[in-house]
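Down below is the structure, laid out as structure tokens.
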Amino acid sequence: MRQFLKLLFRNQLAAFGAVVLGFILVLALLVPVLPLQDPDVTATGDRFLRPFSEGHLLGTDHLGRDLLSRLLWGTRLSLAVGIAAAVIAATIGSAIGIIAGYFGGRTDNLIMRGVDMLMAFPYILLALAIVAALGPGLMNALIAVAAVNIPFFARNIRGVTVSLAGREFIDAARLAGMGHVRIILTEILPNVLPIIVIAMSTTVGWMILETAGLSFLGLGSQPPQADLGSMLGEARDAMITAPHTSIVPGVMIFLIVMSVNLLGDGVRDALDPRLKSGALSRPQAKTLVERKGAVPPATDDLLSIQDLETQFHVGKRVYRAVNKVSLSVKPGECLGVIGESGSGKSVTALSVMGLVASPPGVIAGGAVRLEGEDLLDVSYEKLRQKRGEKVAYIFQDPLATLHPLYRVGDQLAEAIQCHHKVSDAKARERALELLKAVRIPNAESRLKNYPHEMSGGMRQRVGIAMAMANDPDVIIADEPTTALDVTVQAQILALLDDLRRERGLAIIFITHDFGVVAQLCDRVAVMYAGRIVEQGPTNAVLDAPAHPYTKRLIACVPELGGGRRELAAIPGLPPVVDKLPEGCAFAPRCQKAREECQKGEIGLEGAAPRKVRCLYPEEAV
Ligand code: ADP
Ligand code: MG
């Protein structure tokens, strides 16, 4: 709760709305005890007194009634009716939505068609029709406004409930023997409540306006009772001669609706966890590049990452996720990048094609060169042409990368047609070829499958086929086998190995498993806390790891039939990259660390291709 309030008040507009609304609410609550004149006493001698006249701070209306008193009583009434209408609409609407969404099928159909019928009428027309049927009066206006807003809540909440009703925790509740009512109350309701609150906070302003609208037309509050709408309605005739009679209630309506909406927006933002980290603020098309310092000169590698620095700027904090990382691959070569979770592997990979979300991502230094060309310097349009065409990605979870609603054949064809103007038939032919290339059995019929109809290994093959679609020069595979079981993993690795040998592909293979590196990679770079701590040919590193971190990582790989060796784990956790310690980032977890290890900058030393960033390496390099 405290965090919610803190977030809410960080948003200055919402804070402003809260203050204004709070003030108005307190005023409205205090009305009965304030020393106000009777709002309904007429004094024909004092008609249309200007504001600041004696005894009438805001002047009087066409019957000589005190405007201040009428305004405050009117505000009280309008707020009460508007909020009551919102609560009624939210309660009934959400109940309808939850029931329809939870039970589904015929119940859903029947209820929602009824709701649709209500929705088919224009808003205010429906309200007018209801009041016309019930007769004018404030209570009837309230009923009308609540009724026309029920469909809005019912539709919204039904949508959320439908997606909840199929989830595993609901199944679990059913398996535990809970009844429908209990499931709805304890499992569904807590999940939709925030959404109901959000929908209410953003619509209550509307409902106050609608009630005021009905009163303005004479269908809501009846004379002499004042609400903001009826005050405006009565002032209509004197708009030119005594403008203050309409300005006073007008300003109040404006203040209420504005503050409610500002606060409502703030509540919505503060309740949505995704908004907190700025994840929903639309990222730019490519990562922001703000390089300080000189750009490293070109090399003759196919792809080279040079002194890359990628950071996340969140508020005042700077997370150095990638800190002067240099990697390169030649055609047909496979480079392994290994490290614990959070060591910056994915961010390095995504930086290559400008795919790190900005904000908060910023590339603060270095270069990424593809065939000598600096990718950090090219326009978005040029970069987009190279994405998938020159450098392709394979990600960990193929279920998340494949579109759930399209057949895999169509998705493959789309990947091809994105870069090449070919006919649908040609694209399908090529898609079939690709599926065969990644050794999917019955490729022909698999083209027509949806992703959910395939197994994990099959889906990852499709993911690889998509990466291969445009014959890229480099494939960056970010933990492509982590979600698969070991036998399928072995098949996928063999497949990647064949592809690179047949087609001269360069592969950057990201993993946290040294076993995988040993099977596939020619060279390996070990990352820790955003830096490379050791690199070299795979065999050399495996045989004689120089950095204590590498040694411990290798010790984490279990060996079949390797005797009853105790399985090692590295104690402690990687550091948070916004407060990196001085010296070696691994020192706090290292048994060999001495005082010097925690001081100054420790360089990546050694004769190429073998290098290590350690003052007391396990092996000389
Ligand atoms: P991994 O090596 O497991 O792929 P990542 O490259 O995904 O690790 O992450 C590297 C570091 O960057 C982590 O410490 C992570 O917390 C940080 N990071 C990633 N995305 C963001 C973000 N949007 N805001 C702040 N920090 C981030
Ligand atoms: Mg990762």
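For ligands, and for the atoms within them, numbers begin at 1 and follow the listed sequence.
Contacts of F586 classified as ring-ring contact (aromatic ring centres under 6.0 Å, His included), with partners at least two apart in sequence or in another chain: Y528, Y549.
Judged by distance alone, the side chain of D485 and the main-chain N or O of V488 form a donor-acceptor pair under 3.5 Å. Not a single donor-acceptor pair under 3.5 Å links the side chain of R503 to the backbone N or O of M468. A side-chain donor-acceptor contact under 3.5 Å links Q460 to the backbone of P480.
Against a heavy-atom cut-off of under 4.0 Å, S341 is close to the following atoms of ligand 1: 3 (O). Atoms of ligand 1 lying under 4.0 Å from any heavy atom of P360, numbered from 1 in the order shown and given with element: 23 (N). Each of the atoms 11 (C), 12 (O) of ligand 1 lies under 4.0 Å from some heavy atom of A321. For ligand 1, the atoms sitting less than 4.0 Å from at least one non-hydrogen atom of V577 are 14 (O), numbered in the order shown with element in parentheses.
Side-chain contact annotation: S358 with T287, donor-acceptor N/O pair under 3.5 Å absent. Between the side chains of R320 and N323, not a single donor N or O lies within less than 3.5 Å of an accepting N or O. Using modelled atom types and a 3.5 Å distance limit, the side chains of T550 and E534 yield a donor-acceptor pair.
Between G344 and ligand 1, at least one pair of N/O atoms sits closer than 3.5 Å. Polar contact with ligand 1: present for G342 (N/O pair, distance under 3.5 Å). Every N/O-N/O distance between Y319 and ligand 1 stays at or above 3.5 Å. The shortest N/O to N/O separation between E479 and ligand 1 does not fall below 3.5 Å. Geometrically, ligand 1 and V347 share a nitrogen or oxygen pair separated by less than 3.5 Å. Distances between N or O atoms of S346 and those of ligand 1 include at least one value under 3.5 Å.
Contacts of P574 with ligand 1, taken as heavy-atom pairs under 4.0 Å, are absent altogether.
Closer than 2.8 Å to the Mg ion (ligand 2) sit the protein N, O or S atoms S346 OG.
For the pair V347 and L350, the minimum side-chain heavy-atom distance is 4.5 Å or more.
Taking every heavy atom of both residues into account, A467 and I394 meet most closely at CB-CG1, 3.7 Å. Of all heavy-atom pairs between K436 and A443, the closest is CG-CB, 3.9 Å.
Taking the six-membered ring where tryptophan is involved, the planes of Y450 and H452 are essentially parallel, since the angle between them stays under 30° and well short of 60°.
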What verdict does the salt bridge (Lys or Arg N to Asp or Glu O under 4.0 Å) test give for R589 and E340, after you've listed the backbone C-alpha separation in whole Å, the side-chain angles of each residue and the deciding distance to 0.1 Å?
CA-CA 13 Å; R589 299 168 74 188; E340 273 170 290; 3.1 Å; yes
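Residue contact check for ligand 1: G339 places no non-hydrogen atom closer than 4.0 Å to it.
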